[in-house]
Participant: 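If you scroll down you'll find the structure; I have some questions about it.
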Amino acid sequence: MDPIRKRELKRQAWQRLSAQRRRAGLLRGRVVVISLVCFAFLWGVVFVQMATGNDPVLAPKEAAVRSAAAGARREGQAADAREPEAERRAQRAKARAAEEAGETEPEAEVELVEAEAQAVAPATEEAEPEAEEFVEAEPQVEEVEAEPEPLVTSQS
Amino acid sequence: MSEAVDTFPCFGGRCAVRVGGEGEHEAVAAVREAKRTLLAAHATLSRFDPASELSRLNRDPRETVPASPLLRRVVTGALLAGLRSGGLVDATLVEGIEAAGYTESRDFDAAREATVAAAPHTGAHAAGPSRRAGWCLLAVDEAAGTVSRPPGLRLDPGGIAKGLLADLVGESLSGFESYAVDCCGDLRVGGRSGRARRILVDDPGGGEPLHELRIADGAVATSGITRRAWSDDEGRPAHQILDPATGRPAFTGVVQATAVAPTGLLAETQAKAALLVGPERAAAQLPFGGVIVEEGGAVQVVEAIGAALPEVLAA
C-alpha cells in the first residue's frame, strides 16, 4: 500500500478512535454529574427533613401507617395495569380501607397524646407548689404547730 | 408536736438536747440517754480531769495505748480534721495552749474578757500549719482497740470532740420526728419530719444575733477568739485558738467564723479553718455557707456553693 494512503487511513482511524473516546468521556461525565446531582439532592432532602425536626423514625405511628397505606395504594395502582378489573376493585377497596384506617388512627393517637399531656400537666402544676413547700414549707406546718424556739450557735 | 428539752453544764459550757416526737415518754427517755452520753463523754475527754481517759492517754509512756471506742472516734476525728484543714486544725497543740495560760477549767462566761481579744489586733496575719504536724502522728487501730502516738504528744480535741459528740448523739436520735443537739454552740439538727429550724448566729460582742440560718438536717459550728479569751501574765490578749505555725494565739483578722456543714465534725473543722486563714480566704473554707465576723466588726455572710450553682451553669 502507498505509504501516503496508509498514513491517511491511520489518521482517519485515530480520528474515529479519538471521537469515540470523546463521546465516551462526555457520556461518562454526564453520568457522573447526574449521579452527583441526584445524590446531593437526595441528601439535601434528607438533611432538610432531619434539620427541621421531622425525623420519620421519630414520627408518631400515624405517619408510618399513612406511608404504609400510601405504599399499599401505590402497589395497588401498579397492579392495576396487570390485574383484571375485579381484582383491581378489590385492591382499591383494600387500599381505601387502609387509608381510612390510616386517617382515623392518628386522630385517636392525637387524642391519646393530648390526654396524656393533660394527665401530666396537672401533675406538674401540683409538683411546683410541692417544691415550694420543700423550701418554704415550714410556715405551713408551723401554722398548725408552734415553731420551736430558735437555737443559737456561739463560740464553742 | 411537743419537744422534750434538757439543758445542762457540760464540756466547759452548756449543752442542750431537744427531741420531738409523737411519743412523749420516748422523747424524754431519749433526752435523758443523750444527756448521759454527753456527760460520760465529758468525763472521758476532759483535759482538766487527771482521771479522765484522755488525761491518762496523754500521760501514758507507751506508744500504743488501749482506748475506748469513744476515744478512738475522737482521735480519728482529730486526724480527719487535720487532713481536711491541711493541718490548720491541730488537736495536739496542748503545750501552746498551756503556755498561753489555759491550764485549768475556767468560767469564761462569767469573766467575759471578750473585748480584750475582740479589739483590733496589730500585725494580724493568716495562720499556717505546724512543721511538726503532730496530728499526722496519730493512729487508730480499730481491730486492736488502740491509739498510737509518740509518747509525750498530748491531745486536746476541744471543739472537735463537741462537733463529733453532736454527730454521735444526733445519729442516735435520728429516728425521732425532730431533734437538736447543742454542744456549747456546736449544733446538730435533724429528724424524720425534715422541718427546718431557725438558728441564730451569736454576736461575738454580746449584741443582737448577727444572722439567722434555717437548717432542716445538718450541723452548724462556731469558732471564735472572744469567748474563751483572757489576758496573759504580761497583759497581752490570749485565747484558745492557736496558730499551729507559731504555737501562739492566732490573730488573723477574723474574730468569729460560723460554718454550716452536713456533720458537726466537718462544721467545726471548717469554722476553725476559716478563722485561721484570715478574712481574705475565710469564705473559701465554708463551702456549705456560714458567717464570718472580722476584727472591725464587719460581717460577711457566705452562701453555700450550691446556691450559686445556677449562675455558674448559666455563665
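Each chain gets a letter, A, B and so on, in the order the sequences are listed, and its residues count up from 1.
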Participant: If you count heavy atoms of other groups shown closer than 6.0 angstrom to CD1 of A:Ile4, is the number above 12?
Facilitator: no

Participant: Side chain from CB out, backbone as N, CA, C, O: work out which of these in B:Glu212 comes under 4.5 Å of a heavy atom of chain A, or both, or neither.
Facilitator: neither

Participant: Shortest non-hydrogen contact from B:Asp202 to A:Ser154?
Facilitator: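 Where B:Asp202 meets A:Ser154 most closely, the heavy atoms are OD2-CB, 3.5 Å.
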
Participant: Quick one: list whatever passes side-chain contact (heavy atoms from CB on, under 4.5 Å) with A:Glu149, sequence neighbours left out.
Facilitator: B:Arg18

Participant: Could you check B:Val181, B:Asp182, B:Val189, B:Ile215 and say which one makes a side-chain contact (heavy atoms from CB on, under 4.5 Å) with A:Leu151?
Facilitator: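 Among B:Val181, B:Asp182, B:Val189, B:Ile215, the one meeting side-chain contact (heavy atoms from CB on, under 4.5 Å) with A:Leu151 is B:Val189.
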
Participant: Please answer whether the main-chain N or O of B:Thr226 pairs with a side-chain N or O of A:Gln155 as donor and acceptor at a distance below 3.5 Å.
Facilitator: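 Here the side-chain-to-backbone pair exists.
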
Participant: Does atom CZ (A:Arg5) have a neighbourhood of more than 12 heavy atoms from anything else shown, all under 6.0 Å?
Facilitator: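 Result for CZ/A:Arg5: open.
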
Participant: Give, as side chain, backbone, both or neither, the part of B:Ile199 having an atom under 4.5 angstrom from any heavy atom of chain A.
Facilitator: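 When you check distances to chain A, atoms from both the backbone and side chain of B:Ile199 fall under 4.5 Å.
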
Participant: Measuring heavy-atom distances to chain A, does B:Thr258 have an atom under 4.5 Å in its side chain, in its backbone, in both, or in neither?
Facilitator: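 Contact with chain A: side chain only.
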
Participant: Mark yes when over 12 heavy atoms from residues, nucleotides or ligands other than A:Gln15 sit less than 6.0 Å from its CD; otherwise mark no.
Facilitator: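 Yes, CD of A:Gln15 has more than 12 neighbouring heavy atoms, counting only those of other groups under 6.0 Å.
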
Participant: Using a cut-off of 6.0 Å, state whether more than 12 heavy atoms not belonging to B:Phe8 lie near its atom CZ.
Facilitator: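 For B:Phe8, atom CZ is crowded (more than 12 foreign heavy atoms under 6.0 Å).
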
Participant: Please collect all side chain to side chain donor-acceptor pair (under 3.5 Å) contacts where either partner lies in residues 38-53 of chain A, sequence neighbours excluded, each pair once.
Facilitator: A:Thr52-A:Asn54

Participant: Just how far is it from atom CG of B:Asp186 to atom OG1 of A:Thr153, taken to the nearest 0.5 Å?
Facilitator: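 One gets 6.5 Å once the value is rounded to the nearest 0.5 Å.
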
Participant: Please classify the contact of B:Ala221 with chain A as side chain, backbone, both or neither, using a heavy-atom distance under 4.5 Å.
Facilitator: backbone

